[in-house]
Student: 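To start, I am sharing the structure in question, which I have written as structure tokens.
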Amino acid sequence: MGEGERREADGAAGDEMLSRIRGAIGEWHARQSRESSLPAVKGRVGREIAPYLGPRASGRILGTVSESADNLLSTVGGVMSLFLGKRAANRFLDHVVEDILVRS
Amino acid sequence: MCEAEGVSFARALGLLPVRSIRDTSPLGCATFIALVTAAHLAVGLAVLAVYLLSGNAVWVEQFFRVPGALLLLALAGMQLAYSFLAWRGFDPGEPMRAAWGFISLAAAWEVAGTLAIQILSSGTIMNPLRGAAFWPDAAGWIRDAGHIAGGTCRFACLATGLFYALRVYRHAGFLARLLWPDRLILLGLAGYIVWEFADLGIAIQHGKHPAAAEMAEWPVDPLLWVLLLEAMLLYRSVRAMGPGWIGRCWMAFGVGVALVSLGDISSWAFAYGYLRWPWVALGWYVWLPASAAFALAPAYQLHAMRAASAGGAPTR
Amino acid sequence: MHCTLEQEVAGLHQQYGAALLRFAAGLAGCPELAQDALQEVFLRYFIERRYGREIPFPRAWLYEVLRNYLLDRLKAFPAGRQVDPACLESLAAPRGNPEEALESSEAAARIARALSPRELDCLRLRARGLSYNEVAATMDIRPGTVGALLARVQRKLRTTSDAFPGKGPSVPAGAIRYLLQGAPIYPST
């Protein structure tokens, strides 16, 4: 296979992969709107934070998250980093993403 | 054997990973610390009762000289180990790293002080220096050095550490205000300290020449006042946040400071005749739960950090 | 906002997708698993960014999550680590004749046996152009440890190159290509 042909094959494979990724994103969006609402997601995240910082602190943190939850992880991660350190807070966020956001 | 609310002793010392914050084993390191201290106290109070009934002080003396001394040293060692591990859990530049750095230093001073007072200046069989030719003359200054290490040096570092912790609470928006009973207590204590220094001033004017070791211990009471202020702020902040592992940590520091202050006040009250025998004996026992509280605090912090790390998703 | 994020994902895929896929194939030993992993990793990137997580070093993040995802999958299904003969045929053969390809593959297998899994990972990531800090972040180790691992790799490669008679002092390029480009030399145990 020549270099040009190899690049073409790689490009086609790349486009196919990107379509798969877009498809997976679309499926996730559809699942999100069907199965869980943003308040429910925030509630579940709050229940994860509460054992560390307390239920009232958890409520106050989530109260500062926007309605669209597009600053959920940065807000929660910021506060958890202060009290647990960045490394532990990052692993905590990984757990939140895996168990609540990806699988919901 | 020792499982700290889901963290085995080995795990808490960083040798093994933690499972999850929801794991509760029947015996935690925190529970272990509390149970051992409670058992010690129970034995100590029983021994005090025997003394009060029989008049024989040997049992009380032996209790504080050997098992009491060993427990204090063990608790100080655990405080140091856990505080150091908590410090290592924060990266350079993170605000809490400074807090735990100073708390670890305070714990190191506490170990040094406890070692000097409870072991190296004691006449018990535990003291390796007891047979040395220099020891009889040195015992006194070893004891003084222990008081300075476990008093002024330790409290200065702890006060700095708690200050940094309060800064983090303020930055997070969780710092609460003091209520009027808190302010009354602080005012009362401030008055006591002023009175103490006034008394000292009068004594110096009348020819008292305080030794260097005594002067080195003058900052202890003002430092205790600062610590009590910090402990109250932490207590109010934690109460406002609700119960959680981080809150338990800082609450434990508050309890430790309160108990140390109580011990200090009981010594003063006895010296000025406000507290009579046998009630002053209760002041001797307060140091055990105080040490336990200072050991529990970093244990809770470490548990929270390890549990957050262990609860992480498998993909990172 | 979601359109911007999709564009961000598409941009990252364009930049790093091919290299990530080769890295995944090398780790997984099978292109299907590698493709599944890549899809999962980019989906996860999208979700984390959707909820506001800051990812300052996307390339290192992608490698780290991909690596951990594959290690978890391979731990859960150990049989997946055995190379499927069907996968061999679907991989593009390196340039040169079949005898040379076989020799390179055997040389790569010798090198892989000489290196520990951590050293092999570190070599693969570094060969992808990740900086020491990015490799450290991906493998959850300190940058100094990355340097130490690579120094060990160099020593072992020099020792292993002595075992290639007639090839001179350097390790054959084909062997390195097999090591890095996803040819199935990953240990089956």
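Below, chain A is the first sequence line, B the second, and so on; all start at residue 1. FYI, side chains are in, hydrogens and waters are out, and symmetry mates aren't considered; it's all heavy atoms of this structure.
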Student: To the nearest 0.5 Å, what is the distance between CE (Met17(A)) and CG (Leu21(C))?
Tutor: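 It is 7.0 Å, given to the nearest 0.5 Å.
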Student: Where does Arg22(A) contact chain C at under 4.5 Å (heavy atoms): side chain, backbone, both or neither?
Tutor: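 It is the side chain, since no backbone atom gets that close.
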Student: Give the intermediate values and the outcome of side-chain contact (heavy atoms from CB on, under 4.5 Å) for residues Ile25(A) and Tyr45(C).
Tutor: CA-CA 10 Å; Ile25(A) 291 172; Tyr45(C) 182 91; over 6 Å; no
Student: Where on Gln35(C) is there a heavy atom nearer than 4.5 Å to chain A: the side chain, the backbone, both, or neither?
Tutor: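 Both the backbone and the side chain of Gln35(C) come within 4.5 Å of chain A.
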Student: Just one of Val76(A), Asn90(A), Leu72(A) clears the side chain to side chain contact (heavy atoms under 4.5 Å, CB included) bar with Arg53(C), so which one?
Tutor: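 Single pass found, and it is Asn90(A).
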Student: Stepwise, does the side-chain contact (heavy atoms from CB on, under 4.5 Å) test hold for Leu43(C) with Ile21(A)?
Tutor: CA-CA 6 Å; Leu43(C) 170 63; Ile21(A) 291 167; 5.8 Å; no
Student: Nearest 0.5 Å, please: how far is OH in Tyr69(C) from CD in Glu98(A)?
Tutor: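 Atom-to-atom, Glu98(A):CD and Tyr69(C):OH are 9.0 Å apart.
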Student: Go through the steps for Arg50(C) and Leu73(A) under the test side-chain contact (heavy atoms from CB on, under 4.5 Å), then give the verdict.
Tutor: CA-CA 9 Å; Arg50(C) 152 70 185 91; Leu73(A) 295 180; over 6 Å; no
Student: Around atom CZ of Phe57(C), are there more than 12 heavy atoms of other residues, nucleotides or ligands at under 6.0 Å?
Tutor: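 Open: at most 12 neighbouring heavy atoms sit under 6.0 Å from CZ of Phe57(C).
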Student: If you count heavy atoms of other groups shown closer than 6.0 angstrom to CD of Gln14(C), is the number above 12?
Tutor: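 Open.
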Student: Enter the distance from Asp70(A):CG to Arg49(C):CZ here, rounded to the nearest 0.5 Å.
Tutor: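 So the gap between those two atoms works out to 10.5 Å.
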Student: Got a second to check how far Glu48(C)'s CD is from Ser74(A)'s OG, nearest 0.5 Å?
Tutor: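 Atom-to-atom, Glu48(C):CD and Ser74(A):OG are 12.0 Å apart.
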